[in-house]
Amino acid sequence: MNELRNLPPISTERSTQIHPKAVVDPRAELNQGVIVGPGAVVGPEVKIGSNTWIGPNVVLDGRLTLGAQNRVFPGACLGQEPQDLKYRGAPTEVVIGDGNTIRECVTINRATNEGELTRIGNHNLLMAYCHLGHNCVLGDGIVMSNAIQVAGHVVIEDRAVIGGCLGIHQFVHIGSLAMVGGMTRVDRDVPPFCLVEGHPGRIRSLNRVGLHRSGLEQSKDGVEMQQLQEVWSVLFRSDNVIAEGLRQAKERTLMASSQHLCEFIEASIQKGRRGPMPSTPLNR
């Protein structure tokens, strides 16, 4: 039993191990090297990729696909019905990629309507007590701290970092390499590369730590980072309205990061979207 609690080394040669106190439906699909700990429950429509570790008392239910080399810690519940009053029993899905770490008591709900899914990419870390609502889409390399409550239809792009003990409103879009401070109220879109925090949340600056770690500061002799800072200032530190800031920013030839920032803002201000989080006033 102690061996099953420890995280096993990744190996393509070990056989599947199911603890005698686990309940695994014979119709579930478990690939080579899967380990299922005591008290875990695996439903009939679950597919688990190779060398994935399922810890004690995990519940995997519904149409759920887990990729390879994931680690799911005790008490997590993945693939269960959405907490949505509109749900009428459609056979919706949760699809989770490879190399994710899903810590204790995380819940991930499947989508609401037929043909829809909740999707999580690769190499993400979801710390204890996070909740992902129906129809959420997460990219790769995301870090979510403890006790983050994510409502339905939220999109989080690659390598975002979300601080703990906060809620994210439905339909919010968080851009790549964004940093959200702990206990921030996230009720609007968070543009890529930005640092936001507060209650209500406000854009404070570029996420310089994240950008440095990504290597963007060093790329192209720092020219791309310099342009990103200039475009960010036009959008969030000038007296322009967003539409005018976008027009001015796009007068130049934009590099990849600045182009992504502008395209994100353009999408965010479209009809039916929540719009970007406001920035800190200039006099602060």
Side-chain angles (χ1 to χ4, degrees), residues 121 124-127 129-133 136-214 216-217 224-225 227-243 245-246 249 256-270 273-284:
N124 299 296
L125 169 59
L126 278 61
M127 297 187 194
Y129 293 97
C130 286
H131 168 72
L132 294 183
C136 287
V137 177
L138 271 62
D140 302 333
I142 295 162
V143 176
M144 299 180 64
S145 298
N146 297 280
I148 296 172
Q149 309 303 300
V150 184
H153 298 277
V154 168
V155 176
I156 305 177
E157 294 182 356
D158 297 350
R159 301 170 73 181
V161 177
I162 317 295
C165 300
L166 58 81
I168 302 176
H169 196 282
Q170 61 189 6
F171 294 102
V172 159
H173 191 161
I174 297 177
S176 57
L177 281 168
M179 169 69 192
V180 180
M183 295 185 285
T184 294
R185 190 176 81 193
V186 187
D187 58 356
R188 306 284 290 274
D189 291 347
V190 177
F193 317 116
C194 290
L195 170 65
V196 306
E197 62 86 29
H199 192 86
R202 292 287 186 268
I203 298 173
R204 304 299 182 180
S205 66
L206 284 173
N207 177 21
R208 291 195 168 275
V209 172
L211 290 166
H212 176 75
R213 290 174 178 170
S214 74
L216 184 65
E217 281 189 331
E224 185 169 1
M225 182 65 191
Q227 184 188 74
L228 180 61
Q229 178 66 70
E230 291 170 355
V231 169
W232 184 91
S233 297
V234 168
L235 292 172
F236 301 113
R237 279 292 181 270
S238 69
D239 292 327
N240 298 319
V241 296
I242 287 289
L246 281 169
S257 56
S258 297
Q259 182 71 28
H260 180 48
L261 176 59
C262 289
E263 289 175 350
F264 183 100
I265 297 298
E266 284 181 317
S268 182
I269 63 177
Q270 296 300 310
R273 290 289 302 276
R274 299 192 63 80
M277 191 171 284
S279 60
T280 308
L282 287 172
N283 60 355
R284 287 189 62 186

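No hydrogens, no waters, no symmetry mates; every other heavy atom, side chains included, goes into these values. Every value quoted in this text rests on a predicted model; they were computed, and no experiment measured them.
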- Message: Using every non-hydrogen atom in the two residues, find where Q227 and S258 come nearest and quote the distance to one decimal.
- Response: OE1-OG, 3.2 Å

- Using atom types as modelled and distance alone, determine if a side-chain donor or acceptor of D187 lies under 3.5 Å from a backbone N or O of H169. no

- Query: When rounded to the nearest 0.5 angstrom, what distance separates CH2 in W232 from OG in S257?
  - Reply: 14.5 Å

- Heavy atoms of L177 and G210 approach each other most closely as CD2-O, 3.9 Å

- Item | F236 side chain near L206 side chain, heavy-atom distance below 4.5 Å | no

- Residue pairs meeting salt bridge (charged side-chain N to carboxylate O under 4.0 Å, His left out), one or both in residues 150-176, sequence neighbours left out, come to none

- Message: How long is the straight-line distance from SG of C194 back to CG of N207, given to the nearest 0.5 Å?
- Response: 8.5 Å

- Note on the structure: Nearest heavy-atom contact between C262 and L246 is O-CD2, 3.7 Å

Under 3.5 Å, which donor-acceptor pairs link side chains of residues 142-150 to any protein atom two or more places apart or in another chain?
residue	atom	partner	partner atom	Å
S145	OG	I162	O	3.3
N146	OD1	A128	N	3.2
Q149	NE2	Y129	O	3.1

- Note on the structure: Hits for salt bridge (charged side-chain N to carboxylate O under 4.0 Å, His left out) against R188, two or more places apart or cross-chain, chain-then-number order -> none

- Query: Which atoms form the tightest heavy-atom contact between I174 and F264, and what is the distance?
  - Reply: C-CE1, 4.3 Å

- Residues which pass salt bridge (charged side-chain N to carboxylate O under 4.0 Å, His left out) with R213, listed by chain and number, not counting sequence neighbours: none

- Task: Could you tell me whether the side chain of N240 and the main chain of L235 form a donor-acceptor pair under 3.5 Å?
- Result: no

- For H131, ring-ring contact (aromatic ring centres under 6.0 Å, His included) partners two or more places apart: none

- Specify the closest pair of heavy atoms between A160 and G175, including all atoms of both residues, with the distance to one decimal. CB-O, 3.8 Å

- Query: Any idea which heavy atoms bring P191 and P276 closest together, and the distance?
  - Reply: CG-CB, 4.3 Å

- Message: For E197, give me all partners under salt bridge (charged side-chain N to carboxylate O under 4.0 Å, His left out), at least two apart in sequence or on another chain.
- Response: R204

- Query: Within a strict 4.5 Å, meaning less than it, do heavy atoms of the Q229 and R237 side chains meet?
  - Reply: no

- Note on the structure: Between L132 and the options V154, L126, I168, the side chain to side chain contact (heavy atoms under 4.5 Å, CB included) test singles out L126

- Message: If you apply the rule side-chain contact (heavy atoms from CB on, under 4.5 Å), what do you find for R208 with M179, and how did you get there?
- Response: CA-CA 10 Å; R208 291 195 168 275; M179 169 69 192; over 6 Å; no

- CZ of R185 to NE2 of H199, rounded to nearest 0.5 Å, is 5.0 Å

- Note on the structure: To the nearest 0.5 Å, atom CG of L211 lies from atom CZ of F193 at 7.0 Å

- Calculate, to the nearest 0.5 Å, the distance between atoms OG1 and CG belonging to T184 and L166 respectively. 6.5 Å

- Message: Quick one: does any side-chain atom of D189 pair with a main-chain N or O of V172 as donor and acceptor, under 3.5 Å?
- Response: no

- Hey, could you give me the CD1/OG distance between I242 and S268, rounded to the nearest 0.5 Å? 8.5 Å

